[in-house]
**Student:** 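Take a look at this one; I'll ask things after.
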Amino acid sequence: MMSVQSIQTYTADYQNPRHGEIILGLLDSYARDPMGGGQGLLPEVCDSLIEKLGALSYAISIITEVDGQPAGLLNGFWGFSTFKAKPLLNIHDIVVEPEFRGLGVSQYLLRAAEAMASSHGCCKITLEVLDGNEVAKRAYQKFGFAQYKLADEAGGAEFWEKPL
């Protein structure tokens, strides 16, 4: 295991060019990973993503650096629970660079997200995870996440999509 001097987690500023570069670099690395689809971000996504995120009042990005090196990223979006009549935070992406895995980077990101959600009066944090991503599932379970169920007879929630 690598020797770590410092781990810093902070909320990204979409107006800060360095933060934008970090977000794009980490997200592209994740997209190239088999659990991210195995292909990098398209050039047009790289050209517009940070500006578009910055225009969304409900977007947040959290960065973790290990010894000054970008190590992890969490992208989330504020939502709303109609059953609780309270806000929620949906985690859309969690990225941990391969060389920093095993250092608890995901836990730093999740703690920061939980603190933000609590300060906004959220009733819950949601995320989706691929069935085969056992490492991520263990990290989420360690933090207290579980598959969403309203009732046992209804089964667990599934995340579906319809591309447009």
Side-chain angles (χ1 to χ4, degrees), residues 1-2 4 6-12 19 22-41 45 49 53 56 58-67 69-163:
M1 185 169 285
M2 72 187 317
V4 175
S6 70
I7 298 179
Q8 178 188 14
T9 300
Y10 56 90
T11 303
H19 293 185
I22 290 170
I23 292 167
L24 288 174
L26 290 169
L27 199 57
D28 184 64
S29 177
Y30 176 47
R32 293 174 188 280
D33 188 271
M35 292 300 165
Q39 298 179 7
L41 298 177
V45 171
L49 180 63
L53 284 171
L56 301 174
Y58 54 89
I60 64 160
S61 295
I62 301 169
I63 297 169
T64 295
E65 293 184 3
V66 173
D67 293 336
Q69 298 299 310
L73 171 69
L74 182 151
N75 289 318
F77 299 93
W78 301 109
F80 191 78
S81 170
T82 55
F83 280 21
K84 300 286 185 180
K86 290 185 176 185
L88 62 84
L89 177 60
N90 176 258
I91 297 172
H92 188 68
D93 307 299
I94 293 186
V95 180
V96 177
E97 285 287 81
E99 63 267 30
F100 298 105
R101 292 179 184 161
L103 298 177
V105 171
S106 67
Q107 302 301 297
Y108 280 89
L109 291 164
L110 291 168
R111 276 194 296 279
E114 183 176 53
M116 290 181 77
S118 292
S119 73
H120 281 80
C122 291
C123 62
K124 64 182 172 180
I125 302 171
T126 61
L127 56 75
E128 67 261 9
V129 61
L130 295 173
D131 285 341
N133 195 342
E134 295 300 327
V135 172
K137 287 162 95 175
R138 282 192 301 276
Y140 302 150
Q141 288 168 339
K142 178 179 178 181
F143 199 77
F145 282 92
Q147 185 180 26
Y148 175 75
K149 286 185 180 184
L150 283 175
D152 287 338
E153 62 273 6
E158 296 179 9
F159 183 77
W160 290 20
E161 75 172 356
K162 179 184 176 189

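Scope of the values below: all heavy atoms of this structure, side chains included, with no hydrogens, waters or symmetry mates. Just so we're clear, the structure is a prediction, and the values are computed from it rather than from any experiment.
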**Student:** Where is the tightest heavy-atom contact between A136 and V129, given as atom of each residue plus distance?
**Tutor:**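 So the minimum-distance heavy-atom pair works out to CB-CG2, 3.9 Å.
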
**Student:** Output yes when a side-chain donor or acceptor of S118 lies under 3.5 Å from a complementary backbone atom of A115, and no otherwise.
**Tutor:**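 Not confirmed, S118 side chain does not pair with A115 backbone.
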
**Student:** Listed by chain and number, what are the side-chain hydrogen bond (donor to acceptor under 3.5 Å, both in side chains) partners of S61, not counting sequence neighbours?
**Tutor:**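 With neighbours one apart ignored, the set is Y14, N75.
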
**Student:** Nearest 0.5 Å please: distance from the CG atom of N133 over to the CZ atom of R138.
**Tutor:**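 N133 atom CG to R138 atom CZ measures 9.0 Å (nearest 0.5 Å).
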
**Student:** Looking at every non-hydrogen atom in both residues, tell me the closest pair between L41 and L24 and how far apart they are.
**Tutor:**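 Where L41 meets L24 most closely, the heavy atoms are CD1-O, 4.2 Å.
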
**Student:** Decide side chain to side chain contact (heavy atoms under 4.5 Å, CB included) for T11 and M116; before the verdict, give the C-alpha distance in whole Å, the side-chain angles of both, and the deciding distance to 0.1 Å.
**Tutor:** CA-CA 10 Å; T11 303; M116 290 181 77; 3.9 Å; yes

**Student:** If we check side chain to side chain contact (heavy atoms under 4.5 Å, CB included) with I91, which of these qualifies: I60, T126, L110, L109?
**Tutor:**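 In the set I60, T126, L110, L109, the residue that makes a side chain to side chain contact (heavy atoms under 4.5 Å, CB included) with I91 is L110.
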
**Student:** Looking at S6, is its backbone amide N or carbonyl O close enough to the side chain of D67 to form a donor-acceptor pair, meaning the two atoms are under 3.5 Å apart?
**Tutor:**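 Here the side-chain-to-backbone pair exists.
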
**Student:** Take Y148 and K124 through the test side chain to side chain contact (heavy atoms under 4.5 Å, CB included) and record every step on the way to the result.
**Tutor:** CA-CA 11 Å; Y148 175 75; K124 64 182 172 180; 4.0 Å; yes

**Student:** Could you report the tightest heavy-atom contact between F100 and P70, atom names first, then the distance?
**Tutor:**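 Of all heavy-atom pairs spanning F100 and P70, the closest is CE1-O, 3.6 Å.
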
**Student:** Can you see which heavy atom on E128 is nearest to which on N90, and at what distance?
**Tutor:**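 For E128 versus N90, the nearest heavy atoms are OE1-ND2, 4.2 Å.
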
**Student:** Salt bridge (Lys or Arg N to Asp or Glu O under 4.0 Å) for E134 and K137? Distances and angles first, verdict last.
**Tutor:** CA-CA 5 Å; E134 295 300 327; K137 287 162 95 175; 3.4 Å; yes

**Student:** Counting only heavy atoms not in Y58 (residues, nucleotides, ligands), do more than 12 fall under 6.0 Å from its OH?
**Tutor:**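 No - once you tally the heavy atoms of other residues, nucleotides and ligands closer than 6.0 Å, there are 12 at most.
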
**Student:** So which pairs with a foot in residues 22-34 pass side chain to side chain donor-acceptor pair (under 3.5 Å), sequence neighbours left out?
**Tutor:**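 Those involving residues 22-34 are D28-R32, S29-E97.
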
**Student:** Specify the closest pair of heavy atoms between A12 and I23, including all atoms of both residues, with the distance to one decimal.
**Tutor:**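 Heavy-atom minimum between the residues: CB-CD1, 3.8 Å.
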
**Student:** Mind running side chain to side chain contact (heavy atoms under 4.5 Å, CB included) on Y108 and L103 for me, showing each step along the way?
**Tutor:** CA-CA 10 Å; Y108 280 89; L103 298 177; over 6 Å; no

**Student:** Atom CG in L27, atom NE2 in H92: separation rounded to 0.5 Å?
**Tutor:**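 L27 CG to H92 NE2: 8.5 Å, rounded to 0.5 Å.
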
**Student:** Using a 3.5 Å distance criterion without hydrogens, assess whether the side chain of Q39 forms a donor-acceptor pair with backbone atoms of A31.
**Tutor:**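 Answer holds: no.
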
**Student:** Look up atom CD in Q147 and atom CD in Q141, then write down how far apart they are to the nearest 0.5 Å.
**Tutor:**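 Nearest 0.5 Å value for the CD-CD distance: 10.0 Å.
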
**Student:** Minimum heavy-atom separation for C122 to W78, with atom names?
**Tutor:**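 Scanning both residues completely, I find the closest heavy atoms to be SG-CZ3, 3.5 Å.
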
**Student:** Pair I62, Y10 - check side chain to side chain contact (heavy atoms under 4.5 Å, CB included), show working.
**Tutor:** CA-CA 6 Å; I62 301 169; Y10 56 90; over 6 Å; no

**Student:** Enter the distance from I125:CD1 to F143:CZ here, rounded to the nearest 0.5 Å.
**Tutor:**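 Here the interatomic distance stands at 6.0 Å.
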
